[in-house]
Amino acid sequence: MDPQYHPRAIEPAVQKEWTDSRAFAAPDASPKPKYFCVPMLPYPSGKLHMGHVRNYTINDALYHYLRMKGMNVLFPMGWDAFGLPAENAAMANGVPPAKWTWDNIAYMKKQCQAMGWAIDWSREIATCSPDYYRWNQWFFLRLWEKGVIYRTTGVVTWDPVDMTVLANEQVIDGRGWRTGALVEKREIPMWYMRITQYADELVDSLDGLGWPEQVKQMQRNWIGRSYGVEFTLPYAPQTAARMKDNKAGLKVFTTRADTIMGITFAAVAAEHALATEAARDNPQLAAFIEECRRGGVQEAELATMEKKGMPTGLFVLHPFTKAPVEVWVGNYVLMGYGEGAVMAVPGHDERDFAFAKKYGLEIKRVIDVAGQEYSTDAWQPWYEQAGVNVNSGKYDGMAQAAAIDAVSADLAAMELGTKRVQYRLRDWGISRQRYWGTPIPIIQCGQCGDVAVPDAQLPVVLPEDLVPDGSGSPLAKSPAFYECQCPKCGGPAKRDTDTMDTFVDSSWYFMRYACPDANSMVDERADYWMPLDMYIGGIEHAILHLLYARFWTKAMRDMGLVKADEPFANLLTQGMVLNHIFSRRTAKGGVEYFSPEEVDLAMDAEGKVAGAKLKADGSAVDYDGIGTMSKSKRNGVDPQDMIERYGADTARLYVMSASPPTDTVLWSDESVEGSFKFLKRLWKMVHDHLEGGRVERYVSPSPLGEGRGEGQLSKPLADLRFKLHKTIAKVGDDYGRRLQFNTAIAAVRELLNLYLDGQDKDPAARAVAQEVLEDSMLMLGPIVPHIATALWNELRPGTRLIDQSWPAVDKAALVQDSIRLMLQVNGKLRGHMDVPASASHEEIEAMALADPNVSKFMEGKPARKVIVVRGRLVNVVV
RNA sequence: GCCGGGAUGGCGGAAUUGGUAGACGCACGGGACUCAAAAUCCCGCGGUGGCAACAUCGUGGGGGUUCGAUUCCCCCUCCCGGCACCA
């Protein structure tokens, strides 16, 4: 055996052995229970970064642990290969997105292989391959037939200089990132999926999922199911005469029908029909609506902007009092939520209150919250709380629930309103005016309208040789793509040149892993593997991706394609790996980013970043704080250097031991050396042990319950075995239940620190050493499989580490005669005492009171109370 | 702004169900080995006082519950993630 640890020699050799024996290929049927653990598939941005390394190493550790626990485990890998960065790269270097993407996939696959992850590569998929995206198209058409997909207009952000639709990411401070032009909103036709049809099930079935509670809470809040009343504020006569929408009034939705008597005005979105009508003879209002049209569409922007409004001069009537209520246009009313119109109750809604104060509108109090003062001078949080109605005529004295019931019953009797459930969730708009995505399989015919591409003509293949130039979609400029015949009438027609949101691709890829070669979207193998037993990925996907995938799975279930109700039975949301971000404005008004390696940092006295300069020319760059590693912000860290310098095992050990998987971490490789040192020491320990020849591992001769084998083993050896078996139990619990790998690694290090101390040469000691080393390889294998395999081959030649079972805990080694308790006086630690494991409560109490450390701090006072916590402590209260 | 999360030594983190705060490691200091260095090994390492034993303070800030709070409750600050076209 080589006395030195040479990762560059052993890692490729171990990997070759795995590949040659197809060690990680999972069968689609097995007497063992299946375990399907999947990391969120990467976007092939060019290189792996530390976030990927963390993600896949966690998945890999679980793979190895559960395999040792006797399960048929599958760890697949794929590529989320469509998306915007490929188009940006194409614009930057003139390479077609397809070539860029496939080159990146090839490189990143090599990196994955060098990391030694237990991936079943026979199931690899790439979403940009026609074999995959044809099923996006096929399922799109099935959903369209069922009415789950429909077409309507939607709002997008428009760059008036590049004449193109912008992604939110491409808008910086209200301007296009390449042109610096002020962006505008535009309404265009788009395809939508009726995810709202599934809103109730998406909320209700969260309860049964083994997900982190905060993720479930985020999804509940996102869907935002609220129970309320929808009603109509009838048009006042002059307004009715002007409105040509055949409606009797303005429809609104409220969760606070109990406050209906507090209405002092109404507000509509700028895009609302009533606003449009009012603006026809009101240039000032028209200008205000135009102003509202400028600016972005992002919720964060809408929510933080100054609340502005303008009266329309049109009136509706209060449903009960028939008093005229003026309608305002408010920039804070969202056209996309509810009816795009709200009743305003400034007395009990914070936003309405601020609006009323600003424009001098009436504030009317109609709810009394017991014991709280009310004044219209300043908003107080309790104005929004439930209470008892006042100033509300017949509703006075009613509590909230009763008032809501009474109001909605009266509205119903007048045929003006009804109780209704409202969701914050909006339907999913999937059309993208981009090139590098799944073509929408629809043909627009002047005679027949929207016509489905016949199944036999699928897939509609995306041409791979186009290069986008930043102005509009290349598909829309490619007659070879869009010119076609109508499948119905045979006349000339035009393909839809939009592509699908890439969230479509990632909504079902995990099912395709089960049957990557199927001649249908999925086959019965998906029912074997689904649902995922563990899905692992970044917390940033807590809402959108996970919600879309849940919706899509349910839609597939309803189509009879799979049996699973939910895609992800358990979820581990990994914390983000952050790094510093540096940028600079370009002359055109856009933004360019610099990687941390290109920058020198200046720190202030508190250790905060005070400034940054480019290493190349010393020019100043802006420090944008820290954020997620990403290609677009150029702050990712490639693991390649670390692999080349220390090997994959060191990189794996380092990321796994540095922090628990769910923690957000600021990247630093300062202490990676320590992980490498540990592996060198591990190698040396096995080497030194084997210098004395191989021995059989120690087997406990003492039957259960007969002491810890004293008489057969010296105390240090018995202590070492106690530690070993404690460690096996702890590490198994950390891997299997807690999913906390850093503490598992620390526990093995503690064990091996003790091992060094207890080492000697007699046969019993060597047998125990063999036991400790063998079991340490089994415990570390999930984290550092290459070195563990290489050392296992030395310890147990002729057997394979990956065929071993998880080590059993020897209960005989864990029997203890005495227990150490801590002694407290008034909750402060004052000493320790050892008591027989069999001591009774009373005996322990007496021993504690007799202990000098305790009596010293009792200062002669009598014990008022003695608290004994079994196996832990005695606390004397004086 | 809204929703979710976080803050513990110089640094990463541990303390799993309210029960010894700082496991394990990094950095640092001292020592051994060496002509020297690297590597390796040993010792120390939250603050204050003390030769020491030990005492005392200490888990972002403020308050509370409890025999006992890093852990539970209330308020606040800062940071991270998401906010529907980044993926």
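A, B, ... follow the sequence lines: proteins, then strands. Residue 1 opens every chain.
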Fill in the blank from the handout: pair_partner(B:rG49), Watson-Crick or wobble, both distances < 3.5 Å, evaluates to B:rC54

Exercise for the section: Indicate, with a heavy-atom threshold strictly under 4.0 Å, whether A:Trp222 touches base, sugar-phosphate, or nothing. Expected result: base

Practice task
Could you classify B:rG61 for me, syn or anti, using a glycosidic angle within 90° of 0 as syn?
Solution key: anti

Fill in the blank from the handout: Of B:rA23, B:rC86, B:rA84, the nucleotide closest to the side chain of A:Ala746 is B:rA23

Exercise for the section: Check if the side chain of A:Lys730 and the base of B:rU16 share a donor-acceptor pair of N or O atoms closer than 3.5 Å. Expected result: yes

Practice task
Determine the contact category for A:Met629: base if any of its heavy atoms lies under 4.0 Å from a base atom, sugar-phosphate if only primed atoms, P, OP1 or OP2 are that close, otherwise nothing.
Solution key: nothing

Practice task
Using only heavy-atom distances, decide whether a donor-acceptor pair under 3.5 angstrom links the side-chain of A:Gln824 to the base of B:rG19.
Solution key: yes

Fill in the blank from the handout: From the candidates B:rC57, B:rC83, B:rC85, the one with an atom nearest any side-chain atom of A:Lys828 is B:rC57

Practice task
Could you check whether A:Ile745 gets within reach of a base, just the sugar-phosphate, or nothing at all, counting any heavy atom under 4.0 Å?
Solution key: nothing

Problem - Distance below 4.0 Å between A:Arg749 side-chain N/O and B:rG13 OP1 or OP2 - result: no

Practice task
Would you kindly check whether a donor in the side chain of A:Arg681 faces an acceptor in the base of B:rU40, or vice versa, at under 3.5 angstrom?
Solution key: no

Exercise for the section: Identify which nucleotide among B:rA84, B:rG19, B:rG12 has an atom closest to any side-chain atom of A:Ala658, counting heavy atoms from C-beta outward. Expected result: B:rG12

Problem - Which nucleotide in B:rG4, B:rG81, B:rC86 has an atom nearest any side-chain atom of A:Asn168 - result: B:rC86

Practice task
Report which part of the nucleic acid A:Gln433 touches: base, sugar-phosphate, or nothing (heavy-atom distance under 4.0 Å, all strands).
Solution key: base

Practice task
For A:Leu849 and A:Ala863, work out which heavy atoms get closest and say how close.
Solution key: CD2-CB, 4.2 Å

Practice task
Just call it for A:Thr157: base, sugar-phosphate, or nothing, with non-hydrogen atoms closer than 4.0 Å on any strand.
Solution key: nothing

Handout entry: Presence of A:Arg830 side-chain N/O under 4.0 Å of B:rU56 phosphate oxygens OP1/OP2
Key = yes

Handout entry: Nucleotide opposite B:rU59 in a Watson-Crick or G-U pair, distances under 3.5 Å
Key = none

Exercise for the section: Quick one: label A:Phe676 by what it contacts on the DNA or RNA (base, sugar-phosphate, nothing), any heavy atom closer than 4.0 Å. Expected result: nothing

Problem - Any A:Thr502 side-chain nitrogen or oxygen under 4.0 Å from OP1 or OP2 of B:rA87 - result: yes

Exercise for the section: For A:Val165, report the nucleic acid contact type (base, sugar-phosphate, nothing); a contact means any heavy atom under 4.0 Å. Expected result: base

Practice task
Could you work out the separation of B:rU17 and B:rC26 based on their C1' atoms and round it to a whole Å?
Solution key: 32 Å

Exercise for the section: Select base, sugar-phosphate, or nothing to describe what A:Lys631 touches, counting heavy atoms under 4.0 Å on all strands. Expected result: nothing

Exercise for the section: Considering only atom C1', compute the distance from B:rG9 to B:rG5 and round it to an integer number of Å. Expected result: 24 Å

Practice task
May I ask you to say what A:Gly575 touches in the nucleic acid, namely base, sugar-phosphate or nothing, with a heavy-atom cut-off under 4.0 Å?
Solution key: nothing

Practice task
Could you give the distance separating B:rU56 and B:rC43 at their P atoms, to the nearest angstrom?
Solution key: 29 Å

Problem - From B:rG82, B:rG4, B:rC26, nucleotide with atom closest to A:Ile543 side chain - result: B:rG82

Handout entry: Distance test, side-chain N/O of A:Asn875 to OP1/OP2 of B:rG19, below 4.0 Å
Key = no

Problem - Geometric cation-pi criterion A:Arg550 and A:Trp211, 6.0 Å radius, 45° cone - result: yes

Handout entry: Comparing A:Asp734 and A:Gly827 on RNA chain B - which has the more 5′ nearest nucleotide
Key = A:Asp734

Completion exercise
With the side chain defined as heavy atoms from C-beta on, A:Asn753 is closest, among B:rG82, B:rA87, B:rG25, to B:rG25

Exercise for the section: Run the salt-bridge test on A:Arg432 and A:Asp498 with the 4.0 Å N-O cut-off and return the result as yes or no. Expected result: no

Exercise for the section: Would you indicate whether A:Arg634, at its atom CZ, is surrounded by more than 12 heavy atoms from other residues, nucleotides or ligands within a distance under 6.0 Å? Expected result: yes

Exercise for the section: Please check the phosphate of B:rA14 (OP1 and OP2 only) for any side-chain N or O of A:Gln740 closer than 4.0 Å. Expected result: yes

Practice task
Kindly say if A:Lys856 contacts the phosphate of B:rA53, meaning a side-chain N or O under 4.0 Å from OP1 or OP2.
Solution key: no

Exercise for the section: Look at A:Ser630 and B:rA87 and indicate whether a side-chain polar atom (N or O) is within less than 4.0 Å of OP1 or OP2. Expected result: no

Handout entry: Closest approach of A:Leu751 to A:Thr727 (non-hydrogen atoms, all atoms of both residues)
Key = CB-OG1, 4.0 Å

Exercise for the section: Pick base, sugar-phosphate or nothing for A:His545, based on heavy-atom distances below 4.0 Å to the nucleic acid. Expected result: nothing

Exercise for the section: Look at the side chain of A:Gln214 and decide which nucleotide, out of B:rG4, B:rA84, B:rA87, has an atom nearest to it. Expected result: B:rG4

Exercise for the section: Considering non-hydrogen atoms only, spot the tightest contact between A:Ser473 and A:Thr497 and give its length. Expected result: OG-O, 4.0 Å

Practice task
Determine which nucleotide pairs with B:rA38, using a 3.5 Å limit on both distances of a Watson-Crick or G-U wobble pair.
Solution key: none

Handout entry: Distance between P atoms of B:rG10 and B:rG1 (Å, rounded)
Key = 32 Å

Exercise for the section: For nucleotides B:rA23 and B:rG47, find the distance between their P atoms and express it as a whole number of Å. Expected result: 14 Å

Handout entry: Under-4.0 Å side-chain N/O to phosphate OP1/OP2 contact, A:Asn742 with B:rG12
Key = no

Practice task
Using both distances under 3.5 Å as the test, list the Watson-Crick or G-U wobble partner of B:rG25, or none.
Solution key: B:rC11

Handout entry: Watson-Crick/G-U partner (both atom distances under 3.5 Å) of B:rC83
Key = B:rG1

Practice task
Classify the nucleic acid contact of A:Arg872 as base, sugar-phosphate or nothing, counting any heavy atom under 4.0 Å across all strands shown.
Solution key: sugar-phosphate

Problem - Interatomic distance, A:Lys307 atom NZ to A:Leu302 atom CG [nearest 0.5 angstrom] - result: 9.0 Å

Practice task
Check whether the side chains of A:Asp162 and A:Ser471 place a donor and an acceptor atom closer than 3.5 Å, and report yes or no.
Solution key: no

Practice task
Report yes if a side-chain nitrogen or oxygen of A:Lys677 is closer than 4.0 Å to either non-bridging phosphate oxygen (OP1 or OP2) of B:rC26; otherwise report no.
Solution key: yes

Exercise for the section: Could you work out the separation of B:rA15 and B:rG81 based on their C1' atoms and round it to a whole Å? Expected result: 26 Å

Handout entry: Rounded C1' spacing from B:rC28 to B:rG46 in Å
Key = 14 Å

Exercise for the section: For B:rG29 versus B:rA37, give the span between their P atoms, rounded off to a whole number of Å. Expected result: 14 Å

Practice task
Give one of base, sugar-phosphate or nothing for A:Leu84, where a contact means two heavy atoms less than 4.0 Å apart.
Solution key: sugar-phosphate

Practice task
Could you tell me whether A:Arg351 sits above the aromatic face of A:Tyr332, with NZ or CZ closer than 6.0 angstrom to the six-membered ring centre and within 45 degrees of the axis?
Solution key: no

Problem - G-U wobble or Watson-Crick pairing nucleotide for B:rU66 (cut-off 3.5 Å, both distances) - result: none

Problem - Any A:Lys680 side-chain N or O less than 4.0 Å from OP1/OP2 of B:rU40 - result: yes

Practice task
Could you check whether A:Val156 gets within reach of a base, just the sugar-phosphate, or nothing at all, counting any heavy atom under 4.0 Å?
Solution key: base

Problem - Sugar-phosphate, base or nothing in reach of A:Ile626, heavy atoms under 4.0 Å - result: sugar-phosphate

Practice task
Could you verify whether a donor N or O on one side chain and an acceptor N or O on the other, from A:Tyr132 and A:Trp508, lie under 3.5 Å apart?
Solution key: yes

Fill in the blank from the handout: Of A:Arg432 and A:Thr304, the one whose closest nucleotide on RNA chain B sits nearer the 5' end is A:Thr304

Problem - Minimum-distance nucleotide to A:Ala300 side chain [options: B:rC83, B:rC24, B:rA87] - result: B:rC83

Exercise for the section: Between B:rC85, B:rA14, B:rG19, spot the one nearest the side chain of A:Thr743, thanks. Expected result: B:rA14

Practice task
Name the closest nucleotide to the A:His832 side chain, picking from B:rC85, B:rU20, B:rG4.
Solution key: B:rU20

